[in-house]
Amino acid sequence: MIRATETIPVAGPWVTEREIEYVADAARNAWFSNHYEYNRRFEEAFATYVGVKHAVSLPHCTAAIHLSLAAAGVGPGDEVIVPDVTWIASVAPVVYVGATPVFADILKDTWCIDPRSVEAAVTPRTKAIIGVDLYGSMANWSELRRIADRHNLLLIEDAAEALGSEYGGRKAGALGDTGVFSFHGSKTLTTGEGGMFVTNDDYLHERVMTLRDHGRPPGDKLFLNTEIGFKYKMSALQAAFGLAQIERVEELIARKRQIFDWYKTELKDVDGITLNAEPQGTINSYWMVTVIAYPSYGMDKFALMAAFRERNIDTRPFFSPLSSLPAFAERPDSSAHMPECPVGETIAKFGINLPSGYHMTEEKVQTVCAAMRDILSSTS
Ligand SMILES: *Cc1c(COP(=O)(O)O)cnc(C)c1O
């Protein structure tokens with residue numbers, strides 16, 4: 001049996017001296033009147049990279065989704081259309097604001113929300129659509145935009161997994177009315193924990209700035225809160241780390257694409273598997289190399305993961321359909337909105353994420369692929 005000599009983790013960052021220097025500098029100097037300087041520089045560099053007017057650094061991406069919904073006034077009685085297959089953070093904030101998530105199916109190739117399924121889910125109560133660029137793949141943003149405009153809906157782009165991906169020449173995060181990013185330790189760009197809200201809309205930006213600071217309008221020095229808000233801020237220490245990372249973003253994305261390429265080359269002769277798609281007109285930054293092993297192998301994702309574990313290799317399961325989770329099944333309001341999502345169910349059952357962190361070398365990729373061939377040949 002092929003086995004990695006040292007455990008190969010599934011994810012991890014690329015940290016250089018630059019990150020360490022900036023954080024050390026922030027620890028010494030990012031106080032008093034400089035306390036927001038690293039955040040300002042990180043936000044400015046990030047907005048320039050994504051090609052948007054405003055960027056707001058936050059403690060996590062979940063906060064960015066929460067603020068997007070709250071800023072647009074989405075609340076009780078409203079419905080928000082979301083993909084059935086995504087990380088739960090895409091959808092939990094819909095519940096935080098008292099609205100109801102309505103699940104839509106995903107597409108077979110990109111694994112992103114299916115515009116036809118979105119269209120079918122629109123009702124007079126629908127207020128927003130959350131599209132997710134899953135594992136770096138771009139959703140069909142021109143169709144989603146058309147549906148949002150036709151029904152006057154807020155369009156949120158969850159680009160947590162897609163920093164550096166592109167759709168029609170525009171960067172992920174710039175395609176919705178608001179865009180959101182995560183800098184969790186496993187993500188393409190990290191600050192340990194962290195997130196970013198982006199928008200071109202001055203009104204939504206102003207609302208987010210107020211709501212994220214306990215209802216203090218930007219510039220308030222008198223502590224005269226105008227409403228009850230939230231407290232969602234990123235520390236200067238994290239922003240310093242993030243600034244170093246965004247200054248290296250081209251190198252980060254190039255490495256992600258390199259890792260995917262190594263896998264693609266190694267696995268090209270394996271029948272009955274599918275990897276991340278990169279349809280015409282898009283660029284995929286391949287946050288996580290993901291493989292769907294078709295049912296003919298007779299192994300679902302959990303069986304595959306166990307086989308890799310035996311071989312000292314860490315993997316992750318494709319996200320399970322949210323409508324299948326106890327977290328949502330026990331919510332009578334959402335369970336009323338659970339149409340069948342057959343495409344998502346099949347993909348989510350047989351998909352796993354292979355080790356895709358910045359520790360991956362061509363040799364480690366070869367080890368993982370040898371293990372993959374070993375596992376699949378033992379079943380057929
Ligand atoms: C990671 C992730 C999030 C949440 O990010 P946090 O920073 O952990 O809040 C949201 N959506 C998707 C698709 C993610 O992968």
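Along the sequence shown, the residues carry numbers beginning at 1. Atoms within each ligand, like the ligands themselves, are counted from 1 in listed order.
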Tell me whether G195 reaches ligand 1 (any heavy atom closer than 4.0 angstrom to a ligand atom). no
Nearest non-hydrogen protein atom to atom 4 (C) of ligand 1, with distance, is A89 CB, 3.4 Å
Has G194 got any heavy atom lying under 4.0 angstrom from an atom of ligand 1? yes
Best match, H60, H66, E161, K187: closest heavy atom to atom 1 (C) of ligand 1: K187
ring-ring contact (aromatic ring centres under 6.0 Å, His included) with F42: of Y36, F183, F241, only one passes, and it is F183
Where ligand 1 meets C61 - atom numbers and elements under 4.0 angstrom, heavy-atom basis: 4 (C), 5 (O), 6 (P), 7 (O), 9 (O), 10 (C)
Ligand 1 contact on V132 by region, counting heavy-atom pairs under 4.0 Å: side chain
When you check the gap from the basic side-chain N to the acidic O, do E247 and R18 get nearer than 4.0 Å? yes
Heavy atoms only: which of A160, S182, G185 is nearest to atom 6 (P) of ligand 1? S182
Classify the ring geometry between Y232 and H66 as parallel (under 30°), tilted (30 to 60°) or perpendicular (over 60°). perpendicular
Aromatic Y358 / basic K256 pairing, under 6.0 angstrom, 45° off normal: yes
What is the closest protein heavy atom to atom 11 (N) of ligand 1, and at what distance does it sit? D158 OD2, 2.7 Å
For the pair N276 (side chain) and N284 (backbone), establish whether a donor and an acceptor sit closer than 3.5 Å, ignoring hydrogens and angles. no
Closest to atom 9 (O) of ligand 1 among protein heavy atoms sits T62 OG1, 2.6 Å
Nearest 0.5 Å please: distance from the CZ atom of F103 over to the CG atom of L322. 5.0 Å
side-chain hydrogen bond (donor to acceptor under 3.5 Å, both in side chains), that's the test. Do T123 and E79 meet it? Break it down for me. CA-CA 8 Å; T123 74; E79 294 175 355; 2.8 Å; yes
